[in-house]
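Let me begin by presenting the structure, written as structure tokens, before commenting on it.
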Amino acid sequence: VQLQASGGGLVRAGGSLRLSCAASGRTFSSYAMGWFRQAPGKEREFVAAISWSDNSILYGGSVKGRFTISRDDAKNTVYLQMNSLKPEDTAVYSCASREGRPTSNYGQYDYWGQGTQVTVSS
């Protein structure tokens, strides 16, 4: 399984960005995809996760209501739409996948893509 994250960048507070995670290497009907982030000096934080099979979705508490996770089955791609961005959203965002249900536990994800930097200026 290969995961390719993209879409990071520099944005002002209140702005929006959309991250993409393109998956390849196998069929994903029984998989879940997740987004995590890590800021310098901080622990990895769960952002959102989605199931390929039934569209079950989880959100981390700090992003709920501002971020939206979605998927495009035809493109094997998961998106993270980030609105109302805040400086504290600044981090490296990584996508991950696992066979099974979505979970906020990063230790339960088997495959990871490279991170993409998101920087929100005040």
Not counting sequence neighbours, which residues clear side chain to side chain donor-acceptor pair (under 3.5 Å) with [X]? List them please.
X: Ser104; value: none
X: Gln4; value: none
X: Ser56; value: Asp54, Arg101

Please answer whether the main-chain N or O of Tyr93 pairs with a side-chain N or O of Thr116 as donor and acceptor at a distance below 3.5 Å. no

Ser6 side chain near Leu19 side chain, heavy-atom distance below 4.5 Å: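 No, side chains not in contact.
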
Quick one, Asp89 and Met82 - any side-chain contact, counting heavy atoms below 4.5 Å? no

Decide whether Asn55 and Arg71 meet the rule of one side-chain donor and one side-chain acceptor closer than 3.5 Å.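 Asn55 vs Arg71: donor-acceptor pair found between side chains.
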
Looking only at the side chains, is there a donor atom on one of Ser62 and Glu45 sitting less than 3.5 Å from an acceptor on the other?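 Side-chain D/A pair, Ser62 to Glu45: present.
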
Grab the two heavy atoms, one from Ala5 and one from Cys95, that are nearest each other, plus how far apart they are.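 So the two residues come closest at CB-SG, 4.0 Å.
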
The reported gap from CG in Leu80 to CE in Met33 (rounded to nearest 0.5 angstrom) is 11.5 Å

Go through the structure and list residues passing ring pair (Phe, Tyr, Trp, His ring centres under 6.0 Å) with Phe36, not counting sequence neighbours.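 By the ring pair (Phe, Tyr, Trp, His ring centres under 6.0 Å) rule, Phe36 matches Phe46, Tyr109, Trp112.
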
Just jot down the ring pair (Phe, Tyr, Trp, His ring centres under 6.0 Å) partners of Phe67, sequence neighbours excluded, or say none.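 Ring pair (Phe, Tyr, Trp, His ring centres under 6.0 Å) check on Phe67 returns nothing, list empty.
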
Please evaluate residues Arg37 and Val92 with respect to the criterion side-chain contact (heavy atoms from CB on, under 4.5 Å), reporting the C-alpha separation (whole Å), side-chain torsions for both, the decisive distance (0.1 Å), and the verdict. CA-CA 5 Å; Arg37 67 186 184 185; Val92 174; over 6 Å; no

Just jot down the side-chain contact (heavy atoms from CB on, under 4.5 Å) partners of Asp72, sequence neighbours excluded, or say none.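 Asp72 satisfies side-chain contact (heavy atoms from CB on, under 4.5 Å) with Ala74, Lys75, Tyr79 once adjacent residues are dropped.
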
